[in-house]
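Proteins come first, then strands; the chains are lettered A, B, ... in the order of their sequence lines, and each starts at number 1. Only heavy atoms go into these numbers, but all of them, side chains included; no hydrogens, no water, no symmetry mates.
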Amino acid sequence: RAKPGGKDEL
Amino acid sequence: MNIFRLLGDLSHLLAIIILLLKIWRTRSCAGVSGKSQILFALVFTTRYLDLFTNFISMYNSAMKLIYLVCSYATVFLMYFKFKATYDSNHDTFRMEFLVVPVGGLAFLVNHDFTPLEILWTFSIYLEAVAILPQLFMISKTGEAETITSHYLFALGSYRALYIVNWVFRFYTEGFFDLIAIVAGCVQTILYCDFFYLYITKVLKGKQLTLPA
């Protein structure tokens with residue numbers, strides 16, 4: 001699950 | 001980073017550049033929905049606020065900046081420089097019908113109830129439906145210029161490639177982001193009808209026209 005605040009995708 | 005994501009990002013970049021070049025070269029934005037372009041500028045603005053808070057990589061920051069600058073440049077060309085060619089009487093989709101429900105949903109369904117996270121969620125939901133004014137415009141006029149259809153194909157392929165990337169990441173890293181996946185699937189489904197017309201008409205050298 002994605003870390004809120006740090007998104008590596010565009 | 002995997003090949004599907006890279007291809008998705010490049011396809012997205014290609015779409016944005018096709019549209020900018022089309023407008024610049026023909027000195028006209030006829031057939032392009034300014035509403036969709038405003039919504040995309042809003043999508044990038046609300047999603048990439050993390051440029052100021054999180055550094056991921058040079059690639060990540062550079063692409064974010066390029067998307068932002070290009071989307072604002074497109075809006076500028078449409079509403080200022082080549083405003084006379086903007087087909088506003090065919091671009092009648094009401095943006096508030098998308099922005100308001102999407103804003104409400106972002107407040108209700110998100111990973112974390114913080115301003116940046118809600119704005120990111122808003123951008124993901126809004127991106128899924130931001131193309132609707134453009135598709136609505138094409139359905140009103142019944143046709144699209146070939147270059148506009150190339151733009152739409154590249155733009156639709158981007159999210160379809162991202163779906164493959166998410167499947168790949170799920171199996172290789174155990175990573176998944178349900179919000180992005182559901183919205184990305186909705187977004188891709190909206191393009192299906194267009195993909196069909198693109199493959200059956202544009203790739204055979206004909207202009208994209210809607211069946212009567």
With a 4.5 Å cut-off on heavy-atom pairs, point out which of B:Arg169, B:Lys64, B:Met63, B:Glu173 contacts chain A the most. B:Arg169
Within 6.0 angstrom of B:Phe55 CZ, more than 12 heavy atoms from elsewhere: yes
Segment of [X] engaging chain A (4.5 angstrom heavy-atom cut-off):
| X | result |
| --- | --- |
| B:Asn110 | neither |
| B:Asn60 | both |
| B:Tyr162 | side chain |
| B:Tyr48 | side chain |

Hey, mind stepping through A:Glu9 and B:Arg47 against side chain to side chain contact (heavy atoms under 4.5 Å, CB included) and telling me if it holds? CA-CA 11 Å; A:Glu9 291 183 347; B:Arg47 185 174 309 169; over 6 Å; no
For A:Leu10 and B:Tyr59, run side chain to side chain contact (heavy atoms under 4.5 Å, CB included): C-alpha distance rounded to whole Å, both residues' side-chain angles, the deciding distance at 0.1 Å, then the answer. CA-CA 10 Å; A:Leu10 293 163; B:Tyr59 170 83; 4.3 Å; yes
